[in-house]
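Note that these values count all heavy atoms, side chains included, but never hydrogens, waters or copies made by symmetry. Computed from a prediction, not measured in an experiment: that's the story for all the values here. Per chain, numbering begins at 1; letters A, B, ... match sequence-line order.
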Number of protein chains: 2
Amino acid sequence: MSSARATSARDLTRNQHLVLGTLEKAESPLSAYSILDQLREEGLRAPLQVYRALDKLLEMGLAHRLESLNAFVACAHPHCHKSGLIAFAICESCGQVSEFSDDVVRQRLDDWAAREGFVTKRTTMEIRGACRACASAA
Amino acid sequence: MSSARATSARDLTRNQHLVLGTLEKAESPLSAYSILDQLREEGLRAPLQVYRALDKLLEMGLAHRLESLNAFVACAHPHCHKSGLIAFAICESCGQVSEFSDDVVRQRLDDWAAREGFVTKRTTMEIRGACRACASAA
DNA sequence: GGCATTATGTTATGACATTACAAGTTTGAG
DNA sequence: CTCAAACTTGTAATGTCATAACATAATGCC
Ligand SMILES: [Zn+2]
Ligand SMILES: [Zn+2]
Ligand SMILES: [Zn+2]
Ligand SMILES: [Zn+2]
């Protein structure tokens, strides 16, 4: 099998496909358990089924984990993650998440790491606050 | 009462003092439950006693929460948090945490927020990897 | 004292994540 | 084809992190 959709390195399994679909339809980050609840009628029953799918999706760069929320989102830019450092702005009012990157920031952190001899494996950067719409509504 | 130690705005309560002391003695971030375990002999019994103390310590800037670990550390620079943005480098091998700040990074994020109309409340920035000692040992 | 405010103690519960084991699928060597 | 290795899935139980709800005690102001 395996026809068109070359998502990344390989095709998705059924569970991975279901989980990613749920994340893509959502307007806000979802916890693993709320993903599970939305997929009960598809036959999923245990948290591990979701966590296993999420692990692979994170590896492939198709989803991200928001550490400050213990929640997950589908990647907003599946095709351009060259930067290597992604930042998230999370609206605490409406839940919307914006994904962006900044080469200057990446460079400054790389410089710091080089000076300190620190070998970076992964960086998380999360800005919490209110998006334009919610900020002006308040 | 209340003599010398003007930690911040006010003196610490007994529980706050115990929790902060535990964090300061630790060489790595501690979870709330491991703080609790270390304070059983001081009379603490329930998670909430620790979480309440931590909440106040975070407010006062005497401790920080590491979102990517669900753990807490004592602040390394209690007297100079003017920058408003603190980054943490966490060694996944030895657990050591370095706390630093970078005005250029802060400025870039402020600029992004200004462009987007995003009102920032709080920013977390955590670099995971290996410190110099552990990286060269490996 | 009387009353508001703040800190504490205790139990129960909720939310997030993993361990351990069993069973089914796929794939490819022989 | 047959068998076994490698991988994926299913399930139950457990572990870890955090808060809700309620009761009690100390503190400070009038
Ligand atoms: Zn992305
Ligand atoms: Zn919003
Ligand atoms: Zn600090
Ligand atoms: Zn180290």
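The distance between atom CG of B:L18 and atom C1' of C:dT8, rounded to the nearest whole Å, is 13 Å. When the P atom of D:dT8 is taken as reference, atom CG of A:L12 falls 12 Å away, rounded to whole Å. Atom pair B:L36:CG and D:dG15:C1' shows a separation of 16 Å (rounding to whole Å applied). Rounding to whole angstrom units, CD of residue A:Q16 and P of D:dC7 are separated by 14 Å. Rounded to an integer number of Å, the gap from A:R14 CZ to D:dG10 P is 8 Å. Computed from coordinates, the B:R40 CZ to C:dT10 C1' distance equals 13 Å when rounded to whole Å. Atom C1' of nucleotide C:dA17 and atom CD1 of A:I35 are separated by 13 Å, given to the nearest angstrom. Distance A:Y51 OH to D:dT14 C1': 14 Å, rounded to the nearest Å.
Residue pairs meeting the ring-ring contact (aromatic ring centres under 6.0 Å, His included) criterion with at least one partner in residues 110-138 of chain A, sequence neighbours excluded, are A:W112-B:F100.
Residue B:R45 has no polar side-chain atom (N or O) positioned under 4.0 Å from OP1 or OP2 of C:dG9. Remark: B:K56 is in phosphate contact with C:dA7, judged by side-chain N or O atoms under 4.0 Å from OP1 or OP2. Contact annotation: A:N70 side-chain N/O to C:dA17 OP1/OP2 distance is under 4.0 Å. Regarding contacts with the backbone of D:dG10, a side-chain N or O of A:N15 is found under 4.0 angstrom from either OP1 or OP2. When the side-chain nitrogen and oxygen atoms of B:S31 are compared with OP1 and OP2 of D:dT16, none of them lie within a distance under 4.0 Å. A sub-4.0 Å separation between OP1 or OP2 of D:dA18 and a side-chain N or O of B:R65 is present.
A donor-acceptor pair shorter than 3.5 Å cannot be found between the side chains of B:T124 and B:E67. Inspection of the A:E99 and A:H64 side chains reveals an N or O donor paired with an N or O acceptor under 3.5 Å. A donor-acceptor pair shorter than 3.5 Å cannot be found between the side chains of B:T123 and A:R128.
A:Y33 qualifies as a stacking partner of the C:dC16 base, centre to centre under 5.5 Å and near-parallel within 30°.
Each of A:P47 and A:R52 lies near DNA chain D, and the nucleotide nearest A:R52 is the one positioned closer to the 5' end. Judged by closest nucleotide on DNA chain C, B:Q49 is the one of A:A71 and B:Q49 placed further toward the 5' end.
A chain of hydrophobic side-chain contacts below 4.5 Å, direct or via other Ile, Leu, Val, Met, Phe, Trp or Tyr residues, connects A:L39 to A:L23.
Among the atoms of the strands shown, base atoms are found under 4.0 Å from some heavy atom of A:L48.
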